[in-house]
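So the structure is just underneath, and the comments pick up after that.
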Amino acid sequence: MYKYEKLLQSKMSEENFGKVAALKNPKIFEFIGHFAEHCNPASIYVCNDSEKDVQYVREQALAKGEEQQLAHSKQTIHWDGYGDQARDKVNTKFLVYKENLKKMAGLNSVEYEEGLAEIMQISKNIMAGKDVVVQFFSEGPTESPFTIPCIQFTDSWYVAHSEFILYRSAYNHFLNMKEEEKDDFFRFIHSAGELDEYGSTVNLDKRRIYMDTQNNIVYSMNNQYAGNSIGLKKHSMRLAINKSGKEGWLCEHMFIMAAVDKKKNRKTYFCGAYPSACGKTSTAMIPGEQIVGDDIAYFRNLDGEFRAVNVEAGMFGIIKDVNAKDDPVIFENLMKNQEVIFSNVLRGPDNKPYWLGMGVEPPKEGRNHFGEWKEGIKDAKGNEVGVAHGNARYTMRLDYLDNIDKEGFEAKDGVKVEGILYGGRDSDITVPVEESPSWRDGILLKAATLESETTSATLGAEGVRKSDPMANMDFVSYPLGEYTMNNIKFGEGVKDTPKIFSNNYFMRGPDGNFMTSKLAKKVWLHWADGRIHGEYSAYDTPTGKIPKYDDLKVLFKEHLNEDFSKEDYNYLFTFRCTKWIEKLERTKVYYKKMDPNAPQEIFDYWDAAIAKISKAKDQFGDLILPGAFKK
Ligand code: SPV
Ligand code: MN
């Protein structure tokens, strides 16, 4: 007899109890039982991998009013509360044992006992009267060297529905677990908390996301926005980063894609890290290329090879500016009658979804994240409410896309990565594409120095420039210096270390406008692809290697049928010494703040880079035209 057996029997149908019992895992009884007792739901539904259970979850999300059906019968819409439209960074904290608090000082932490007491108090009886659901998933492909099994326990059927779209079901994996693996899974407990008549969370002041990386469990209370609520997404990512740090692999905030060269009959795998809303998904979705994943990648050294898998099976993508011209592949998919959850967009009187930058005239009224909406309506603070939120999203299976690289997506051993891209949002410093001379240089100069202007994907002010090493700072769950060194070690430890490139799609010209069209990223990607295959020569800069005009001219014509001018080239690829030195100084300050114990060798490296740039400035001037710099 397992602990909590009686309690679970009283809250589950015989069939559902049978699903739990079949797993013969006391740790699962303990997890589900503990929260069944503490959060006190009325009933618990347990999902296995069957289509029947997926369908049940879909139906419940509609029946409970958490989603509404749209004109296309397979599409639904969901609204998070008006104050729950992005990740809550302030109330997302690590539960840290006393002895580790000092080490974790740069990360948002709370002392273990204190934090646990708070979250347990908040979650006491939080599910009273609600029907809840338990699901089993795998991060990464099932039965692979990458697999991390996970359990989600939630009272949100929208969350459960989203997870079925976004992750690989793995009840069978749990069923087949070896005895010694039976405690080795991630645990997620979530409650949307008390809801108002629209199904929105009421007690946002009690919104907390507390992560226990020591015991691989995340508590998420009083929220619905997927970045706050979905265990398998960013909560799991923080647990995985911590685990990977101990085990010698990496979990990165990256897409995985294949650059396709039809003429040469060649496919080259790239991964890319860009902070939220800096072009990550749209790079992974460049027309003519193939996508493996758009948000989270695990890297492992398998037999000396740098291999990557997509942790997820779907996309939770920003919908703003998805339109027929700029994002044709996704736009077409959102227009089809296939399963999509739209969140925080407008439902028009025609029962169709509308969003910002859709390229379609929206109706003047409807229902959105604010409530009943009319053009010009203002919120309590007097701010005009738009058609949809800037961080409104779509949730969709990845295999709907014609451009999915099925082979790479399904590969149990992942794909072999040959190039890594790091891209920020920066209007006046870095060039559109630059190759790093080595892996180590790439991590310290391209990855660690990433900066971006804040966007609507996080709460707080927009438009502020922020450091975001590896575009992973919202998720790094152990000291930054150690994490940076682990990145260096991992890449140096494989046979064919990938080349690292930086990207910047957001350079503005003297008139303040963006210098390149949104599709120019295709050109930068194919230049990088060519470099990997030894096809182009390059100019040196103090930080790496940049393309030559003649090569880009051909690439622009070939891929976009655009005439790329020498004038634009010179502006875009000018090396800006003072601005680069300032950027490195900001990076140093950021690292000191985030991790006062970060290894000195990192700072020494940046000081040497600054000295090199200063010398170049003395020799060639503050603004160095492409080709002018000589080592
Ligand atoms: C991101 O913001 O990086 C996302 C969406 O991918 S969220 O689920 O909010 O993390
Ligand atoms: Mn992300």
Side-chain angles (χ1 to χ4, degrees), residues 39 41-42 57-58 60-70 75-92 122-123 125-133 154-163 189-209 219-231 233 316 318-319 341-348 351 353-356 365-374 377-395 456-460:
C39 303
V57 166
R58 279 186 201 118
Q60 285 301 303
L62 289 170
K64 303 243 183 303
E66 295 179 30
E67 292 173 32
Q68 324 267 325
Q69 194 157 50
L70 290 169
Q75 297 188 336
T76 59
I77 188 165
H78 163 84
W79 296 289
D80 302 309
Y82 193 61
D84 188 30
Q85 298 286 317
R87 274 186 278 114
D88 179 350
K89 294 201 199 183
V90 174
N91 292 303
T92 298
I122 285 176
S123 56
N125 287 326
I126 198 167
M127 297 174 177
K130 287 194 186 176
D131 302 320
V132 307
V133 52
T154 179
D155 62 14
S156 163
W157 295 82
Y158 155 71
V159 165
H161 182 196
S162 299
E163 292 197 307
I189 173 85
H190 166 258
S191 173
E194 190 187 330
L195 305 177
D196 65 15
E197 77 258 40
Y198 297 109
S200 299
T201 295
V202 174
N203 300 313
L204 288 180
D205 59 323
K206 295 204 177 71
R207 177 171 55 200
R208 298 288 183 281
I209 297 138
Y219 310 79
S220 169
M221 299 294 148
N222 293 304
N223 63 70
Q224 295 188 49
Y225 170 70
N228 293 323
S229 62
I230 290 187
K233 201 166 184 65
F316 176 62
I318 293 180
I319 203 165
I341 308 174
F342 293 87
S343 47
N344 305 322
V345 304
L346 182 81
R347 184 186 67 200
N351 209 20
Y354 293 90
W355 56 89
L356 299 168
E365 59 181 29
R367 170 76 169 90
N368 68 5
H369 59 297
F370 178 71
E372 293 309 319
W373 178 87
K374 271 194 168 55
I377 202 164
K378 297 203 164 117
D379 66 12
K381 289 188 183 142
N383 298 320
E384 190 169 327
V385 182
V387 167
H389 194 270
N391 192 33
R393 302 262 172 170
Y394 59 88
T395 301
S456 49
T458 49
L459 301 179

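Every heavy atom of this structure was used, including side-chain atoms; hydrogens, water molecules and symmetry mates were not.
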Which residues pass the side chain to side chain contact (heavy atoms under 4.5 Å, CB included) test with Lys64, sequence neighbours left out?
-> Gln60, Glu66, Asp131, Trp157
Exactly one candidate in Phe342, Tyr225, Tyr158 meets ring pair (Phe, Tyr, Trp, His ring centres under 6.0 Å) with His78; the answer is Tyr158
Trp373 side chain to Gly386 backbone, donor-acceptor under 3.5 Å | yes
ring-ring contact (aromatic ring centres under 6.0 Å, His included) with Tyr82: which residues, sequence neighbours excluded?
-> His369, Phe370
Working to the nearest 0.5 Å, report the span between CZ of Arg347 and CZ of Arg367.
-> 7.5 Å
Residues at least two apart in sequence or cross-chain that pass side chain to side chain contact (heavy atoms under 4.5 Å, CB included) with Thr395, listed by chain then number, are Ser162, Ile165, Leu166, Phe316, Ile341
Mind checking side chain to side chain contact (heavy atoms under 4.5 Å, CB included) for Lys381 and listing every partner two or more places apart, or none if nothing turns up?
-> Asp379, Asn383
Side-chain atoms of residues 191-199: list all donor-acceptor pairs with protein atoms under 3.5 Å, sequence neighbours left out, distances to 0.1 Å.
from: Ser191; atom 1: OG; to: Asp155; atom 2: OD2; distance (Å): 2.5
from: Ser191; atom 1: OG; to: Gly193; atom 2: N; distance (Å): 2.9
from: Asp196; atom 1: OD1; to: Tyr198; atom 2: N; distance (Å): 2.8
from: Asp196; atom 1: OD1; to: Gly199; atom 2: N; distance (Å): 3.1
from: Asp196; atom 1: OD1; to: Ser200; atom 2: N; distance (Å): 2.9

For the pair Asn228 and Asp84, evaluate side chain to side chain donor-acceptor pair (under 3.5 Å) and give the outcome as yes or no after the intermediate values.
-> CA-CA 9 Å; Asn228 293 323; Asp84 188 30; 3.1 Å; yes
Closest heavy-atom pair and its distance - Leu204, Asn222 | CD2-O, 3.8 Å
Closest contact, heavy atoms only, Cys39 versus Ile189 = SG-CD1, 4.4 Å
Within-4.5 Å side-chain heavy-atom neighbours: Ile319 and Asn344 = no
Test item: Asp80 side-chain N/O and Asn223 main-chain N/O as donor-acceptor pair under 3.5 Å | no
Are any side-chain N or O atoms of Asp88 and backbone N or O atoms of Asn91, one a donor and one an acceptor, separated by less than 3.5 Å?
-> yes
Which residues satisfy the side chain to side chain donor-acceptor pair (under 3.5 Å) test with Glu67, sequence neighbours excluded?
-> Thr76, His161
